[in-house]
2 protein chains.
Amino acid sequence: MGITKTQHFTGEQNRLAALAKALGHPARIAILQHLLKQQACICGDLVSELPLAQATVSQHLKELKAVGLIKGTVEGTSVCYCIDKQNWEEARDMFLQLFSSPVTCQENCC
Amino acid sequence: MGITKTQHFTGEQNRLAALAKALGHPARIAILQHLLKQQACICGDLVSELPLAQATVSQHLKELKAVGLIKGTVEGTSVCYCIDKQNWEEARDMFLQLFSSPVTCQENCC
DNA sequence: TTCCTTTATCGTAGTATTGCGATGAATTAG
DNA sequence: CTAATTCATCGCAATACTACGATAAAGGAA
């Protein structure tokens, strides 16, 4: 079919999957890394930073905004983007929790 | 087009994006959580645990194996899957590094 | 006002993903 | 050997993603 059966999974599983999916593209990783590196916020500089057309970058920004990892504010003609601190920390905590479980599987296991 | 321009990004960005993409589905999150919870490895129990057909689960397992997050070994008729400790820790470190940067953007920013 | 800049959105093409039934391969049971 | 079990793969249909050119919307400059 091609449509994910979200109903059958927990809200946490769906949320974490949505966050991971948003991180699942090198361009979006690059955008986030750039926003983290800059002390101030960035707008269309991202387009010149990335090897992608303006329309494509705008689309990636839209996806990151959709899951809440970034937020944007209009500043005159341009738009200022930055990390959404609250959701970013929520994401960090969810990934941290997933990876905090000890891996009990040994070498000889499997 | 529909093909990601991986050439223009760093190896790290592509690797992290690939790992994130693999985590970008609730079924795969559920699989990993189940493998983490079990002290021993699991095989086809996953199929009965998940609300998906056997073929679909097998496909998700294949993707997780492709990025190295899990590994499987044949044990008679069934296959034993478990977390690949080394790659799992690599993934944990990469996500940790991404989220370790301080978010400097303030409330009034943007 | 008109023009330019900046960003978002639309439309399209190509590709990838999701899901499943059907089938195939490998092992075990009898 | 045959039959059953377990899992992978194939093939298909439906949907989602990636990318970009073209266009639209909104503000600033002249």
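Just so we're on the same page: letters track the sequence lines, and every chain starts at 1. Computed from heavy atoms alone, side chains included, the values below leave out hydrogens, waters and symmetry copies.
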Check every strand shown and say whether A:A55 touches a base, only sugar-phosphate, or nothing at a heavy-atom separation below 4.0 Å.
->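 Base contact - A:A55 has a heavy atom under 4.0 Å of at least one base atom.
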
Looking for any heavy atom pair under 4.0 Å, which part of the strands does B:K65 touch: base, sugar-phosphate only, or nothing?
->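 If one applies the 4.0 Å heavy-atom cut-off, B:K65 turns out to touch nothing in the nucleic acid.
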
Quick one: is [X] getting a side-chain N or O under 4.0 Å of the [N] phosphate, OP1 or OP2?
X     : N      : value
B:H60 : C:dT17 : no
B:K5  : D:dC20 : yes
A:T56 : D:dC20 : yes
A:Y81 : C:dT6  : no
A:K21 : D:dC17 : yes
A:H25 : D:dA19 : yes
A:S58 : C:dA8  : yes

Is atom CD of A:E89 surrounded by more than 12 heavy atoms (other residues, nucleotides or ligands) closer than 6.0 Å?
->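 Count over threshold, so yes.
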
Find the distance [X]:[atom1] to [N]:[atom2] and express it as a whole number of Å.
X     : N      : atom1 : atom2 : answer
B:Q54 : C:dC20 : CD    : P     : 11 Å
B:L61 : D:dC7  : CG    : P     : 10 Å
A:I31 : D:dA19 : CD1   : C1'   : 13 Å
B:Q59 : C:dT17 : CD    : C1'   : 8 Å
B:K62 : C:dC20 : NZ    : C1'   : 15 Å
B:E63 : C:dA16 : CD    : P     : 13 Å
A:I70 : C:dT7  : CD1   : P     : 13 Å
B:E75 : C:dT27 : CD    : P     : 13 Å

Between A:Q38 (side chain) and A:L35 (backbone), is there a donor-acceptor pair under 3.5 Å?
->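 Answer holds: no.
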
Check: B:H60 main-chain N/O paired with B:R28 side-chain donor or acceptor under 3.5 Å |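 Absent.
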
Identify, between A:T77 and A:P51, the residue whose nearest nucleotide on DNA chain D lies closer to the 5' end.
->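 First, find each residue's nearest nucleotide; the 5'-ward one identifies A:P51.
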
Could you say whether A:A53 or B:S78 is positioned toward the 5' end of DNA chain D, judged by the nucleotide with the nearest heavy atom to each?
->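 Whichever sits nearer the 5' end wins; that is B:S78.
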
Which word best sums up how the rings of B:H25 and A:F9 line up, parallel for under 30°, tilted for 30 to 60°, or perpendicular for over 60°?
->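 The arrangement is perpendicular - the two ring planes meet at more than 60°.
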
With a 4.5 Å heavy-atom cut-off, do B:V103 and A:D84 have their side chains touching?
->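 No; the side chains remain at least 4.5 Å from each other.
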
